[in-house]
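In what follows, every chain begins at residue 1, and chains take the letters A, B, ... in the order their sequences are listed.
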Number of protein chains: 2
Amino acid sequence: MTADEQQVPSVWARLDRGRREQQSLSQEQIVAAAVRLLDTEGLEALSMRNLGKRLNAGATSLYRHVASKDELLELVADEIYGELDVPPPPTEPGQWREATVAFAHSVRAMILRHPWIASVLGAAGMSYLGPNLMRITDQMLGVYEAAGFSLGEGNAVMSTVLAYVTGVTISEAAWVTMLARRGQTDQDWFERLWPIAQEAMKPYPRLSRLYAAGVDHDPQRTRDEGFDYGLGKVLDGFAATRA
Amino acid sequence: MTADEQQVPSVWARLDRGRREQQSLSQEQIVAAAVRLLDTEGLEALSMRNLGKRLNAGATSLYRHVASKDELLELVADEIYGELDVPPPPTEPGQWREATVAFAHSVRAMILRHPWIASVLGAAGMSYLGPNLMRITDQMLGVYEAAGFSLGEGNAVMSTVLAYVTGVTISEAAWVTMLARRGQTDQDWFERLWPIAQEAMKPYPRLSRLYAAGVDHDPQRTRDEGFDYGLGKVLDGFAATRA
DNA sequence: CCTCGATGCGTACAGTGTTCGCAAGAAGCG
DNA sequence: CGCTTCTTGCGAACACTGTACGCATCGAGG
């Protein structure tokens, strides 16, 4: 690199460096690039030097727009919260339930699109003050308000459902990143490690019986159905007091 | 160290090194020391060199008993699952509910005792094959079996409740570690950052209204009550189909 | 034109996980 | 007892990490 710079007349180097297309480096660009890097290569590939390389920038240049890696992760988390679809406020009170189901599916899909978020959540929590998260929370409260819930009741429904969804989906996300890191699929794993798992389960008769049955189904569908089933029960609990 | 070894007759050094009290280094010791270190100093303080120091051992010695840091974290996760209290199988079918509540409280207390687990969960998932987790899962399935649930139904209740509990508690854990890292208490935070938070919430009227009310209560009680309320709703959902 | 604040970045530092090879003791075996 | 083999601890080294600092270079404002 330094050899090139001295070999070429320095004017070119200056022109090339000084004003890249667009404004060279901005916080939004950095965050967007970080999300792309995380999606394609996973959490452990996100280093400041790696990220700088993607932006044709030096590692330390990023610190002009982002205070630290931790702060970058908070920004990144809120960035992907912006992908969530908030259903429109219902016109009839009974529609709170399908709106909640739609929102829950949106959250699950978002986490599975960005499974690394599972590892970030434990450190950053929900970054409660992120603008996207605030906007979405407020809009969802509006949904429940339109359905006739009080603010506290609406918040209870939303929080409970969100806890359930993240709880389920973090496990799923951890599973898919584990598979991705080994370059395996669900089927690969079952074929290769199932005998070992079955052997390990031998001292536990109920576990053995439970998983002996469900091995032939495809696991993706099983996860989807399990998610919807549990979600339905949670909503049943709130629907009961509503009626 | 090297200076001491040459200064002192080498016999002492050999005696001291060869057989320390107990058997010097074992996987259980390493895991237990790791849990202690994580509890007292947090996740970012867990490095192999630091852990080695605690055990009067070199960093690389640990690799004789543990394949990698990732594996150590899996072992550590299963270790603390061993602290969970599984309620005894109920004698009457209706008691599944209070048994589930007791288990949920045990899980929440365990996570709050070891809040760093929130950051580990996203990477390791539940290490489904860990012996402690298997034992506990099997015992809980036994609880539901004794209450008259089918194996699949019991698993559904347990999974849903566990998802809810971990979802809620991971957020709480992230919160307390954030406070701990800054050496603050709940009250500190509210006194110092509340005006800023309130200002940030201004564009979101429902959020503002929601949190404007609950500022005078003590947040610990609020979290406890919110947890129990949501848990009750989840159990209501399952109780409904049961009756 | 000249100054000034903002921006990019090379260097450096302390620390990380992990590999490798060596030494020293334990254990099996004659 | 001796001899060999196996296990265990560890120092040195490697490739990397996040980040502080100071120096260049730039566009904008006087």
Side-chain angles (χ1 to χ4, degrees), chain A residues 1-6 9-30 33-34 37 41-76 120 123 181, chain B residues 1-6 9-30 33-34 37 41-76 120 123 181:
Chain A
M1 293 288 179
T2 56
D4 282 341
E5 283 178 0
Q6 288 169 352
S10 59
V11 206
W12 297 108
R14 265 188 244 133
L15 279 186
D16 196 10
R17 172 193 303 164
R19 274 282 139 260
R20 199 171 316 288
E21 74 258 26
Q22 307 189 14
Q23 69 271 33
S24 202
L25 227 52
S26 74
Q27 189 174 90
E28 293 97 37
Q29 274 184 26
I30 292 175
L37 201 162
E41 301 189 43
L43 183 58
E44 69 276 10
L46 179 67
S47 71
M48 300 307 263
R49 289 178 238 264
N50 249 333
L51 184 55
K53 229 168 270 172
R54 289 243 177 167
L55 291 159
N56 289 40
T60 60
S61 308
L62 308 176
Y63 284 88
R64 294 285 173 192
H65 305 90
V66 154
S68 66
K69 191 183 179 183
D70 284 341
E71 183 186 295
L72 174 60
L73 285 175
E74 285 186 45
L75 292 169
V76 152
V120 176
R181 244 195 325 208
Chain B
M1 294 290 179
T2 56
D4 282 343
E5 283 177 0
Q6 288 167 353
S10 59
V11 205
W12 297 107
R14 265 189 243 133
L15 278 188
D16 196 10
R17 172 192 302 165
R19 271 285 139 256
R20 200 172 315 290
E21 73 258 29
Q22 304 189 15
Q23 70 273 34
S24 202
L25 228 52
S26 74
Q27 191 175 85
E28 294 98 38
Q29 275 184 26
I30 292 174
L37 201 162
E41 302 190 41
L43 184 58
E44 69 275 9
L46 178 67
S47 72
M48 300 306 263
R49 290 181 238 264
N50 249 332
L51 184 55
K53 228 167 272 174
R54 289 243 176 167
L55 291 158
N56 290 41
T60 60
S61 308
L62 308 176
Y63 284 88
R64 293 286 173 189
H65 305 91
V66 153
S68 66
K69 191 183 180 182
D70 284 341
E71 184 186 294
L72 173 60
L73 285 175
E74 285 185 45
L75 292 169
V76 151
V120 176
R181 244 195 326 209

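Among the heavy atoms of the strands lying under 4.0 Å from B:Leu46 are primed sugar atoms or P, OP1, OP2 only; no base atom is included. Within 4.0 Å (heavy atoms only), B:Ala59 reaches no atom of the nucleic acid at all.
Between the CD atom of B:Gln27 and the P atom of D:dT7 there is a distance of 16 Å, given to the nearest Å. In this entry the distance linking CG of A:Leu73 with C1' of D:dG18 reads 12 Å, nearest Å. Across the protein-nucleic acid pair, A:Leu55 atom CG and C:dG8 atom C1' stand 13 Å apart, rounded to whole Å. Protein atom CG of A:Asp70 is 16 Å distant from nucleotide atom P of D:dT17, rounded to whole Å. Note: CG (A:Asn56) to C1' (C:dC9) measures 14 Å, nearest angstrom. In this structure, CG of A:Leu51 is placed 14 Å from C1' of D:dT17, rounded to the nearest angstrom. Going from atom CE of A:Met48 over to atom P of C:dG8 covers 13 Å, rounded to whole Å. Summarising the geometry, the separation between CD on A:Glu44 and P on C:dT18 is reported as 12 Å, rounded to the nearest angstrom.
Annotation: side chain of B:His65 is not in contact with side chain of B:Gln29 (no heavy-atom distance under 4.5 Å).
In the interface, the side chain of B:Arg49 is not paired with the base of C:dG15 through any donor and acceptor atom under 3.5 Å apart.
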Discussion item. Checking B:Arg64 against B:Leu25 for the side chain to side chain contact (heavy atoms under 4.5 Å, CB included) test, could you report, in this order, the C-alpha distance in whole Å, the side-chain angles of both residues, the deciding distance, and whether it holds?
Written reply: CA-CA 9 Å; B:Arg64 293 286 173 189; B:Leu25 228 52; over 6 Å; no
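Side-chain atoms of A:Glu71 do not come within 3.5 Å of backbone N or O of A:Val66 as any donor-acceptor pair.
Shown for residues 60-69 of chain B: residues whose heavy atoms fall under 4.0 angstrom of DNA chain D, namely B:Thr60, B:Ser61, B:Arg64, B:His65.
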Result block: side-chain N/O donor-acceptor pairs under 3.5 angstrom for residues 46-55 of chain A, not counting sequence neighbours:
residue, atom, partner, partner atom, Å
A:Ser47, OG, A:Asn50, N, 3.1
A:Asn50, ND2, A:Ala45, O, 3.1
A:Arg54, NH2, A:Thr40, OG1, 3.3
A:Arg54, NH2, A:Glu41, OE2, 2.6

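The OG1 atom of B:Thr60 sits 7.5 Å away from atom CG of B:Leu62, with the distance rounded to the nearest 0.5 Å. Taken from CG in A:Leu75 to CG in A:Asp70, the straight-line distance is 11.0 Å, to the nearest 0.5 Å. The CD atom of B:Gln27 sits 7.0 Å away from the CD1 atom of B:Ile30 when rounded to the nearest 0.5 Å.
The side chain of A:Leu25 has C:dG8 as its nearest neighbour among C:dT16, C:dG8, D:dT19.
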